[in-house]
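Notes follow once the structure below has been shown.
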2 protein chains.
Amino acid sequence: MELNEARQKFIEAWGKIGSEWGINRTMAQVHALLLIAHEPLTTEQVMEALSISRGNANMTLRDLIDWGLVEKQHKPGERKEYFFAEKDTWKIAKQVAQERKKRELDPMIKVLNELSVVKGDDKDPAYKTFKTSVTNINKLAKNVNKGLESMFKAEESWFWGSIFKVFK
Amino acid sequence: MELNEARQKFIEAWGKIGSEWGINRTMAQVHALLLIAHEPLTTEQVMEALSISRGNANMTLRDLIDWGLVEKQHKPGERKEYFFAEKDTWKIAKQVAQERKKRELDPMIKVLNELSVVKGDDKDPAYKTFKTSVTNINKLAKNVNKGLESMFKAEESWFWGSIFKVFK
DNA sequence: TCAAAGTTTCAATAATTAGTGAAAGTTATT
DNA sequence: AATAACTTTCACTAATTATTGAAACTTTGA
């Protein structure tokens, strides 16, 4: 396989994975493009490489910056903005996990806590089932939460090590 | 908060989380409905509870069965099919992880393996960056893969224990 | 074998989400 | 302060994804 074909395939695959995880395809593709770019790219270059409009490129790059996956750079003597991606995959993984925790898990835990104080008759099976389900999901969510906190603090090898150690 | 209001909120929250993770909202809501149902429900009851069409209810229930989250049940003397959800959250989490691994991570690893054999000139920075990025993502993906395999085999407390132990 | 009860399919439609591009806004330079 | 280079916004349109509902299909029992 030739390099350009491979780059293309990588961008497609990353886009597909992204869309399966609720991240818009273009955003994942721009991220992929920057991941395999050996130097920072301008908005123009991103537009060109992925055949997308200026508006789309701009918003997508901004979103990637919000997610902490991409940064702006200025080259001395030039007005144009250049964009480059964090390339350390462990940092990327932590960053994504952190953002999603903030946007999704934290609000979910808040709702679950509200729901677990609902009062009712312990003899009512509808109440009992509700209570049990919510309590159990709440416990799981809190464990995930703690697991993520560990991940954020951890070095990569340390993290995986702690998972694998026990399960040879 | 009253039980019915709480049930409603739970269904909405679960639907929202689902859609943020690339799972169609209705599917997540039907799952939520069955999770807090104290007895198996018929297609009619699902349609009624969530105001969705027969076709939608049918397809969604089938999808949930494909995901291994819901099962059919027949009551003796009745022709109707009843549906109920697995309620053990650890089993649910494993099941979801397993399905997504099969559908997404495994194909991704396959692509990454294909891409990592691309040949090129080590002095070409475009080639070097591509190679490095793909290799690193590949390593991460394989660690996630191993981590999931551990999870599938593990008991819940054992799994979390192994993560928390190291990070007090 | 027929018809009633129930289930599934799928073309048509609706709802949602993503993308465009031109206009407005901003910033740096002369 | 005027202009040119560049960035951002947002109303409109396109593309995608989800849902409906009626027709086709299947199963059961009389």
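Quick note on labels: first sequence line is chain A, next is B, and so on, each numbered from 1. In this text, all values refer to a predicted model and were calculated from it rather than measured experimentally.
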ask   = Hey, does B/Ser19 reach any base, or is it just sugar-phosphate, or nothing, if we go heavy atoms under 4.0 Å?
value = nothing
When rounded to whole Å, the CZ to C1' distance for the pair A/Arg62 and D/dC10 reads 11 Å
To the nearest angstrom, the CE-P distance between B/Met59 and D/dA18 comes to 11 Å
Within residues 21-46 of chain A, those residues having any heavy atom closer than 4.0 Å to DNA chain D are none
From NZ of A/Lys75 across to C1' of D/dA5 the rounded distance in Å is 17 Å
From NZ of A/Lys16 across to P of D/dT16 the rounded distance in Å is 15 Å
A/Asn56 atom CG is separated from D/dT8 atom C1', nearest whole Å, by 13 Å
Query raised in the report: Strictly by modelled atom types, are B/Glu104 and A/Trp21 linked by a side-chain donor-acceptor pair under 3.5 Å?
Result: yes
Atom CZ of A/Arg54 and atom P of D/dC6 are separated, to the nearest Å, by 10 Å
- prompt: Does one side chain, of A/Lys87 or B/Asn136, offer a donor that lies under 3.5 Å from an acceptor on the other?
  reply: no
Side chain of B/Lys131, backbone of B/Ser116: donor and acceptor closer than 3.5 Å?
yes
Q | Within-4.5 Å side-chain heavy-atom neighbours: A/Leu69 and A/Glu86 | A | no
To the nearest angstrom, the CG-P distance between B/Leu50 and D/dT19 comes to 11 Å
Footprint ends on DNA chain C, 5' to 3', for atoms under 4.0 angstrom from a heavy atom of chain A, come out as C/dA18 to C/dA28
| message | Can you see whether B/Phe83 has B/Lys72 sitting over its ring - NZ or CZ less than 6.0 Å from the centre and within 45° of the normal? | response | no
- Query: Just by distance, with hydrogens left out, do A/Lys142 and A/Asn113 show a side-chain donor and acceptor under 3.5 Å apart?
  - Reply: yes
Can a salt bridge be assigned to the pair B/Lys16 and B/Glu12 using a cut-off of 4.0 Å between side-chain N and carboxylate O? no
* Asked: Is a side-chain donor or acceptor of A/Tyr82 paired with a backbone partner of A/Thr43 at a separation under 3.5 angstrom?
  -> no
_Main chain of B/Phe159, side chain of B/Ser162: is a donor-acceptor contact present, judged purely on distance under 3.5 Å?_
yes
Within residues 77-84 of chain A, the residues having a heavy atom closer than 4.0 Å to DNA chain D are A/Arg79, A/Lys80, A/Glu81
inquiry  = Tell me whether B/Arg25 contacts the main-chain N or O of B/Gly18 through its side chain, where contact means a donor paired with an acceptor under 3.5 Å.
reply    = no
When rounded to whole Å, the CG to C1' distance for the pair A/Leu61 and D/dT8 reads 12 Å
Review point. Can A/Arg103 and B/Glu20 be counted as an ion pair, charged N to O under 4.0 angstrom?
Key: no
